[in-house]
Amino acid sequence: MVSRVIPVEPFDLVIIGGTGDLARRKILPALYQRFVAGQIGKESQIIGAARSEMETESYRSFAAEAIREFTDTDEVKPRKLAAFLKLVSYVTLDAKGEAGWTTLSGMVQENRIRAFYFSVGPSLFGDLAKRLQKYGMAEDDCRIVVEKPFGRDLATAKELNRILARHFDESQIYRIDHYLGKETVQNLMAVRFGNMLFEPLWNSQYVDHIQITVAESVGVGGRGGYYDRAGAMRDMVQNHLMQLFCLIAMEPPAKFEPDSVRDEKLKVIRALEHVKPENIVRGQYDGDGQNPGYRNEVENRDSTTETFVALKAHISNWRWAGTPFYLRTGKRLRDRASEIAVVFKDAPHSIFDEDAGRHHNILTIRLQPNEGIELGVTIKEPGPGGMRLVDVPLDMSFAEVLGPDEADFPDAYERLIMDVIRGNQTLFMRGDEVEAAWAWTDPIIAEWQAAGTEPEPYDPGGSGPEEALFLMHRDGRRWREIKP
Ligand code: NAD
């Protein structure tokens, strides 16, 4: 199977915050990979812009180092890298002042696609939007890309939306959630809406429950300052898990195009019931012999910030009434493993005797590692030992089915940046979606704060606090094992 790379039109992409961590680890390597793949032509321009005084040559060295360090391919080829670096230039720019803006406006070209990646903290969004307009760069065909966190609650998200809307139309704003750029997440839509097999069963009549797990084995590391003010609910549930949740639960959109898809996602969030305190567990990891506990890591001995959340959610609509969705995310868990599992109900009547056991189908969408989709089906255990049943996976590991080259998926940032250039907003969050997600999250956080309860401590390397297991056990269900 040969995948086609369709080159994008020539563009100017300005990375504001071009010397930052995100530019280094994700944006520059992603652009390089797309250049190597033949998707970005030699006429395009990539302009790094940040406060640091730097010449283009030094920025090219910075970019080369970033690409060598963070590109997954075995080897970065010097000639390819040199050709890519010719596209790259740098301008010293102050978001809060006038320095550098006239130079920048002279560098970007008229009558071609222009994108401005706001790879800076959200407190600078307003200044950047205002100056892009003042210096004549915010015309109709320009796009801006903004990163998470998009606000820390409904009020701040509304304020950010308001600031951006003063200078840009919604069709120009690309709010990134990199989970939506993952190959498997899009495959989830292909599986649901490209096959007759699943959609008729995709409802509360046939689905017992759905589990979404995003587990990390690492702790907060160097992000402690930010994380301690955010916590797992704001950092993971409100955005990444919510997006997965929407895609699995939404009605079929009329078309695979931005507003059709985003309208359906929004309806899911709006139909979400409030999660009662007894249906939610917060946890915080302890230390062990090798690693410090969370409170030591963030140097806040009284921190009540959660590093783990497990919750049971319900959607009040015809399709899902009665089917619970269990969401779980945490740091310092057993493994780095993310998956969505659709657990179907048992067959209504078993024609086999009790020895055969009870079995049900599970459709598992693995996001990381080993992206793939697996359908658990029940068959007869081979051999002469009578009619005993056994569950076996029908495994659609992409690496096996498509061959190693095809399964070498582009990083989510590669796809998303190319979508910005193509002007396709399908995989980006719309302003009202983000606000609706905060409107659901805010009361949960407010209740925690009012109750003043501490998160449940949990041992690193496990599956979170025991209370999270009870959340499932008391419903007669259990979490799937966290494993890669
Ligand atoms: P960073 O602190 O490493 O870099 C910030 C960049 O902004 C630097 O290039 C700095 O020079 C520039 N900058 C700061 N003030 C400026 C000003 N007044 N004028 C011009 N430039 C200025 O931050 P980062 O980790 O690269 O994150 C950037 C944004 O992306 C943040 O909003 C962050 O929350 C978000 N984000 C980062 C990551 C990540 O992996 N680093 C992941 C998701 C989201």
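- Ion pairing between Arg114 and Asp12 fails under the 4.0 Å rule for side-chain N and carboxylate O.
- The aromatic rings of Phe198 and Trp202 stand perpendicular to each other, their planes meeting at an angle above 60°, with 30° marking the opposite boundary.
- Applying the side chain to side chain contact (heavy atoms under 4.5 Å, CB included) test between Leu244 and each of Asn239, Asp177, Val185 identifies Val185 as the sole match.
- In this structure, the side chains of Lys265 and Met242 stay at 4.5 Å or more apart for every pair of heavy atoms.
- With a 6.0 Å radius and a threshold of 12 heavy atoms from other residues, nucleotides or ligands, Tyr206 has its OH atom at or below the threshold.
- In Glu257, the CD atom is crowded: over 12 heavy atoms of neighbouring residues, nucleotides or ligands sit closer than 6.0 Å.
- Checking side-chain atoms of Arg25 against main-chain N and O of Phe70 turns up no donor-acceptor pair under 3.5 Å.
- Distance alone, capped at 3.5 Å, is enough to place a donor-acceptor pair between the Tyr90 side chain and the Ala50 backbone.
- In this structure, Arg60 contributes its side chain and Val88 its backbone to a donor-acceptor pair below 3.5 Å.
- For the pair Gln109 (side chain) and Gln45 (backbone), a donor-acceptor distance under 3.5 Å is absent.
- Checking side-chain atoms of Thr156 against main-chain N and O of Arg152 turns up a donor-acceptor pair under 3.5 Å.
- A donor-acceptor contact under 3.5 angstrom links the side chains of Arg262 and Gln425, judged on distance only.
- Between Trp101 and Tyr135, the ring planes are parallel. Angles under 30° get that label, and only those over 60° would be called perpendicular.
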Step by step, work out the side-chain contact (heavy atoms from CB on, under 4.5 Å) result for Thr19 and Tyr59.
CA-CA 8 Å; Thr19 58; Tyr59 188 66; 4.2 Å; yes
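- Remark: the Ser217 side chain and the Arg336 side chain contain no N/O donor-acceptor pair separated by less than 3.5 Å.
- Thr305 contributes atom OG1, which lies 9.0 Å from atom CZ of Arg234 (distance to the nearest 0.5 angstrom).
- For the pair Val420/Leu13, no side-chain contact is recorded, criterion being any heavy-atom separation below 4.5 Å from C-beta on.
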Do Val434 and Gln238 pass the side-chain contact (heavy atoms from CB on, under 4.5 Å) test, and can you show the C-alpha distance, the side-chain angles, and the key distance before you say yes or no?
CA-CA 8 Å; Val434 179; Gln238 186 273 345; 4.1 Å; yes
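- The main-chain N or O of Phe11 is found under 3.5 Å from a side-chain atom of Ser44 such that the two form a donor-acceptor pair.
- Checked against side chain to side chain donor-acceptor pair (under 3.5 Å), Tyr413 has the following partners two or more places apart in sequence or in another chain: Glu147.
- Note that CD of Gln186 and CG of Leu247 are 9.5 Å apart. Values are rounded to the nearest 0.5 Å.
- At distances below 3.5 Å, not a single donor-acceptor pair connects side-chain atoms of Arg166 with backbone N or O atoms of Arg162.
- We find that Glu216 and Lys331 are joined by a salt bridge, their nearest charged nitrogen and carboxylate oxygen being less than 4.0 Å apart.
- Minimum interatomic distance between Ile482 and Ala337 (heavy atoms only, all atoms of both residues): CG2-CB, 4.2 Å.
- Side-chain contact check for Ile27 versus Leu31: some heavy-atom pair is nearer than 4.5 Å.
- Counting only heavy atoms from C-beta outward, the side chains of Phe116 and Cys142 approach each other to under 4.5 Å.
- Counting only N and O atoms by type, the side chains of Tyr174 and Asp419 include no donor and acceptor under 3.5 Å apart.
- Counting only heavy atoms from C-beta outward, the side chains of Asn161 and Arg175 approach each other to under 4.5 Å.
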Check step by step if salt bridge (Lys or Arg N to Asp or Glu O under 4.0 Å) holds for Glu447 and Lys276.
CA-CA 9 Å; Glu447 277 178 8; Lys276 297 195 189 103; over 6 Å; no
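- A donor atom on one side chain and an acceptor atom on the other are found under 3.5 Å apart for Glu273 and Ser316.
- Taking CD1 of Ile362 as the reference point, atom CD1 of Ile210 lies at 12.0 Å (rounded to 0.5 Å).
- Of the possible polar contacts, none joining the Asp228 side chain to the Val298 backbone as a donor-acceptor pair under 3.5 Å is found.
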Candidate pair Arg319 and Glu199, rule salt bridge (Lys or Arg N to Asp or Glu O under 4.0 Å), full reasoning:
CA-CA 11 Å; Arg319 185 187 283 265; Glu199 200 49 28; 2.9 Å; yes
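- With ring centers used as reference points, Tyr285 lies under 6.0 Å from Tyr294.
- Here the closest heavy-atom approach between residue Leu471 and residue Tyr326 is recorded as O-CE2, 4.2 Å.
- The main-chain N or O of Pro29 is never found under 3.5 Å from a side-chain atom of Thr71 such that the two would form a donor-acceptor pair.
- Residues Arg68 and Glu65 are not paired through a salt bridge, judged by the lack of any N-O separation under 4.0 Å between the basic side chain and the carboxylate.
- Between Phe35 and Tyr32, the ring center distance fails the sub-6.0 Å criterion.
- Across Pro149 and Pro122, no two heavy atoms sit closer than the pair O-CG, 3.8 Å.
- Met250 is listed as a side-chain neighbour of Met189, based on a closest heavy-atom distance under 4.5 Å.
- A salt bridge does not link Glu251 to Lys267: none of the charged nitrogens lies less than 4.0 Å from a carboxylate oxygen.
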Is there a side-chain contact (heavy atoms from CB on, under 4.5 Å) between Lys26 and His178? Walk through the geometry before answering.
CA-CA 11 Å; Lys26 290 292 178 185; His178 71 271; over 6 Å; no
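- Evaluated for a side chain to side chain donor-acceptor pair (under 3.5 Å) with Lys182, the options Gln368, His240, Glu371 yield exactly one hit, Gln368.
- When side chains are defined from C-beta on, Thr307 does not count as touching Arg332, because their heavy atoms never get closer than 4.5 Å.
- A donor and an acceptor atom, one from each side chain of Asn187 and Thr184, are nowhere located under 3.5 Å apart.
- Residues Ile144 and His167 have side chains not in contact (no heavy-atom distance under 4.5 Å, counting atoms from C-beta outward).
- For the atom pair Lys148 NZ and Ile176 CD1, the distance stands at 12.0 Å (nearest 0.5 Å).
- How far CG of Asn424 is from CZ of Arg415: 11.0 Å, rounded to the nearest 0.5 Å.
- Judged by distance alone, with hydrogens and angles left aside, the side-chain atoms of Glu170 form no donor-acceptor pair with the main-chain N or O of Arg430 at under 3.5 Å.
- Residue Trp448 holds its CH2 atom at 4.5 Å from CD of Glu306, rounded to the nearest 0.5 Å.
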